[in-house]
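To start, the structure under review is shown below, and the notes come after it.
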Amino acid sequence: MAIEATLILCKPDAVSRGLVGEIVSRIERRGYIVTAMRMMQLDGDRARAHYAEHDGKPFFADLVTFITSAPLVALAVEGENAIDGCRQLIGATDPLKAAPGSIRGDFAQTIGRNLVHGSDGKESARRELAIFFKDSDFVSRRHDLERWIHG
Ligand code: DAT
Ligand code: MG
């Protein structure tokens, strides 16, 4: 088994539009397990750290302004290959290219308001989870995980 943990953010547009339940529901129905969850408003330092790979790109300032503009909901999500699985649920970065049936393909119109973040690899997941959660924020849901994976 390749149980992975990934960081999911329901971004400020998702909170504002009342789509947090829809997003969490899709993640849970897929069988992934929420092991930490937190509503918060990001400060600039944390936002810049989270999006450090995009520092210097033309959209960076707008991205930081947007992600700090209002509360978001951060989740740690675990499951078999959860990193790629959640990326698949979320859909392509540009909602126009996101498949219908994906979160962005069903609910988003523009790249700047694409509702959800999901870590894109093991290293970024580790790094990003540490920005949003401390060790004591996580619960163990080993039995739930095993039930989903083995039936
Ligand atoms: P993803 O969120 O799918 O991992 P990413 O890491 O390439 O995409 O970019 C992070 C966020 O930055 C993305 O969700 C929305 C914003 N973004 C990316 N490319 C952009 C662009 N060309 N114009 C405006 N915003 C952009
Ligand atoms: Mg990304």
Side-chain angles (χ1 to χ4, degrees), residues 1-15 17 19-42 45-57 59-60 63-64 66-68 71-108 110-151:
M1 286 197 302
I3 299 295
E4 296 174 340
T6 187
L7 174 77
I8 299 297
L9 300 179
C10 302
K11 298 186 194 180
D13 50 342
V15 174
R17 290 177 56 192
L19 289 171
V20 173
E22 174 73 36
I23 292 164
V24 176
S25 175
R26 287 177 177 223
I27 290 167
E28 290 190 310
R29 277 151 54 201
R30 181 75 178 265
Y32 299 129
I33 304 290
V34 177
T35 54
M37 191 169 184
R38 175 176 185 203
M39 180 176 265
M40 63 191 290
Q41 188 158 352
L42 268 192
D45 285 348
R46 237 190 261 221
R48 281 184 289 273
H50 172 67
Y51 280 126
E53 66 180 294
H54 300 300
D55 196 354
K57 295 183 185 170
F59 57 85
F60 185 68
L63 183 58
V64 170
F66 166 61
I67 204 76
T68 58
L72 53 72
V73 174
L75 304 113
V77 171
E78 293 184 28
E80 177 96 13
N81 298 310
I83 296 171
D84 284 349
C86 285
R87 295 280 293 186
Q88 185 185 55
L89 277 180
I90 291 166
T93 306
D94 180 351
L96 268 185
K97 298 187 178 125
S102 66
I103 295 167
R104 287 167 173 166
D106 285 351
F107 298 110
T110 64
I111 200 165
R113 296 289 184 274
N114 63 8
L115 295 170
V116 200
H117 168 85
S119 306
D120 66 4
K122 285 192 171 66
E123 187 44 47
S124 43
R126 245 190 313 273
R127 188 183 71 77
E128 293 170 0
L129 283 165
I131 292 171
F132 287 84
F133 297 108
K134 52 187 190 303
D135 286 351
S136 59
D137 292 331
F138 292 89
V139 297
S140 169
R141 296 189 59 193
R142 189 168 51 86
H143 297 297
D144 296 332
L145 266 175
E146 283 170 2
R147 197 168 58 237
W148 267 105
I149 288 162
H150 299 300

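Basis for what follows: all heavy atoms, side chains included, without hydrogens, waters or symmetry-related copies.
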Sub-3.5 Å donor-acceptor pair from the side chain of [X] to the main-chain atoms of [Y], do we have one?
{"X": "Asp55", "Y": "Ala52", "value": "no"}
{"X": "Arg46", "Y": "Ile131", "value": "yes"}
{"X": "Arg17", "Y": "Leu115", "value": "no"}
{"X": "Thr6", "Y": "Val77", "value": "no"}
{"X": "Asp106", "Y": "Gly101", "value": "yes"}

Should the ring pair Phe132 and His50 be called parallel, tilted or perpendicular, given that the plane angle runs from 0 to 90° and is split at 30 and 60? perpendicular
Search all heavy atoms of [X] against all heavy atoms of [Y] and return the closest pair with its distance.
{"X": "Phe133", "Y": "Ala74", "answer": "CZ-O, 3.4 Å"}
{"X": "Gly105", "Y": "Ala98", "answer": "N-CB, 3.5 Å"}
{"X": "Ser119", "Y": "Ile83", "answer": "O-CG2, 3.4 Å"}
{"X": "Ala5", "Y": "Ala125", "answer": "O-CB, 3.4 Å"}
{"X": "Val15", "Y": "Pro71", "answer": "CG2-O, 3.5 Å"}

Could you go through Val20 and Met39, starting from their C-alpha distance and side-chain angles, then the distance that decides it, and tell me whether this counts as side-chain contact (heavy atoms from CB on, under 4.5 Å)? CA-CA 11 Å; Val20 173; Met39 180 176 265; 5.5 Å; no
What is the distance from atom [atom1] of [X] to atom [atom2] of [Y], rounded to the nearest 0.5 Å?
{"X": "Ile8", "Y": "Leu89", "atom1": "CD1", "atom2": "CG", "answer": "8.0 Å"}
{"X": "Leu145", "Y": "Glu80", "atom1": "CG", "atom2": "CD", "answer": "9.5 Å"}
{"X": "Asn114", "Y": "Ser102", "atom1": "CG", "atom2": "OG", "answer": "10.5 Å"}
{"X": "Asp120", "Y": "Leu7", "atom1": "CG", "atom2": "CG", "answer": "11.0 Å"}
{"X": "Lys11", "Y": "Arg113", "atom1": "NZ", "atom2": "CZ", "answer": "9.5 Å"}
{"X": "Ile33", "Y": "Arg142", "atom1": "CD1", "atom2": "CZ", "answer": "13.0 Å"}

Val24 versus Met37: any side-chain heavy-atom pair under 4.5 Å? yes
For a 4.5 angstrom cut-off between non-hydrogen side-chain atoms, does Pro95 reach Thr110? no
Can you list the steps and then say if Ile103 with Glu22 is a side-chain contact (heavy atoms from CB on, under 4.5 Å)? CA-CA 9 Å; Ile103 295 167; Glu22 174 73 36; over 6 Å; no
Are Arg87 and Asp84 within salt-bridge range, i.e. N to O under 4.0 Å? no
Going by side chain to side chain donor-acceptor pair (under 3.5 Å), name the residues that satisfy it together with Arg141, two or more places apart in sequence or in a different chain. Asp144
Residues which pass side chain to side chain donor-acceptor pair (under 3.5 Å) with Lys122, listed by chain and number, not counting sequence neighbours: Glu4
Determine, step by step, whether Leu72 and Met40 satisfy the side-chain contact (heavy atoms from CB on, under 4.5 Å) criterion, reporting the C-alpha distance in whole Å, the side-chain angles of both residues, the deciding distance to 0.1 Å, and the verdict. CA-CA 6 Å; Leu72 53 72; Met40 63 191 290; 3.7 Å; yes
Return each pair, listed once, that meets side-chain hydrogen bond (donor to acceptor under 3.5 Å, both in side chains) where at least one residue sits in residues 27-42; pairs must be two or more places apart or across chains. Ser25-Arg29, Arg30-Gln88, Thr35-Glu78
side-chain contact (heavy atoms from CB on, under 4.5 Å) for Leu19 and Cys10? Distances and angles first, verdict last. CA-CA 8 Å; Leu19 289 171; Cys10 302; over 6 Å; no
Candidate pair Phe60 and Tyr51, rule ring-ring contact (aromatic ring centres under 6.0 Å, His included), full reasoning: CA-CA 8 Å; Phe60 185 68; Tyr51 280 126; 7.6 Å; no
